[in-house]
Amino acid sequence: GWLVRRSVGCILAELLKRKPLFPGKDYLEQLNLIVKMLGTPRGSELQFVTQKNAHSYITNMAYIPRADFAAKFPGASPACLDLLDQMLQFDPRRRITVGRALQHPWLAEMHD
């Protein structure tokens with residue numbers, strides 16, 4: 001599901017950085033770290049946030065652009081960055097599916 005795809009994306013990013021991607025001490029700090037990386041979600045990206053306080057908190061955040069993954073993960077290949085970008089989407093509906101991720105060019109050498 002959507003949580004697995006984000007989790008795999010986080011694991012990939014942590015392997016590239018060799019440290020936790022979102023090491024927040026509580027849910028607010030972690031949410032702020034996520035937004036710093038993925039950018040401030042707006043409009044339809046927030047439809048899946050059903051908890052009223054969380055929705056309000058995110059809606060009232062100042063705009064933060066999506067981080068430059070090439071700068072955050074300087075040793076990663078363009079194909080790796082593309083897969084990471086598709087996995088690390090705030091809105092779970094926009095994340096790459098597991099089947100498509102397995103067929104991604106970055107994983108081509110793993111194919112039979």
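Since we're looking at a predicted model, the values are computed, not measured.
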May I have the list of side-chain donor-acceptor pairs in residues 27-36 shorter than 3.5 Å, sequence neighbours left out?
residue, atom, partner, partner atom, Å
Glu29, OE1, Lys25, N, 2.9
Gln30, NE2, Phe22, O, 3.1
Asn32, OD1, Tyr57, OH, 3.2
Asn32, ND2, Leu28, O, 3.1
Asn32, ND2, Tyr57, OH, 3.2

Can you list, pair by pair, the side-chain donor-acceptor contacts under 3.5 Å of residues 9-19, counting residues two or more places apart and other chains?
residue, atom, partner, partner atom, Å
Glu14, OE2, Leu21, N, 3.1

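Applying the salt bridge (charged side-chain N to carboxylate O under 4.0 Å, His left out) definition to pairs two or more places apart or across chains, those involving residues 55-71 are Arg66-Asp85. Counting only residues at least two apart or in different chains, ring-ring contact (aromatic ring centres under 6.0 Å, His included) contacts with residues 84-103 comprise Phe48-Phe90. For the salt bridge (charged side-chain N to carboxylate O under 4.0 Å, His left out) condition, the pairs that include at least one residue of residues 39-49, sequence neighbours left out, are Glu45-Arg94. Residue pairs meeting the salt bridge (charged side-chain N to carboxylate O under 4.0 Å, His left out) criterion with at least one member in residues 46-60, sequence neighbours excluded, do not occur.
Interatomic distance, Gln86 CD to Arg95 CZ, rounded to the nearest 0.5 Å: 13.0 Å. Here NE2 of His104 is found 5.5 Å from CD1 of Ile96. Values are rounded to the nearest 0.5 Å. In this structure, CD in Gln47 is found 8.5 Å from NE2 in His55, a value given to the nearest 0.5 Å. For the atom pair CE (Met87) and OG1 (Thr97), the distance works out to 10.0 Å, reported to the nearest 0.5 Å.
With sequence neighbours left out, Gln51 forms a side chain to side chain contact (heavy atoms under 4.5 Å, CB included) with Asn53, Ala54. In this structure Asp82 satisfies the salt bridge (Lys or Arg N to Asp or Glu O under 4.0 Å) test with no other residue, sequence neighbours excluded. Under the side chain to side chain donor-acceptor pair (under 3.5 Å) criterion, Ser56 pairs with Asn60, sequence neighbours left out.
Using a distance-only test at 3.5 Å, with no hydrogens or angles considered, no donor-acceptor pair links the side chain of Thr40 to the main chain of Pro65.
Here the closest heavy-atom approach between residue Leu107 and residue Ala101 is recorded as CD1-O, 3.2 Å. Here the closest heavy-atom approach between residue Ala76 and residue Cys80 is recorded as CB-SG, 4.1 Å.
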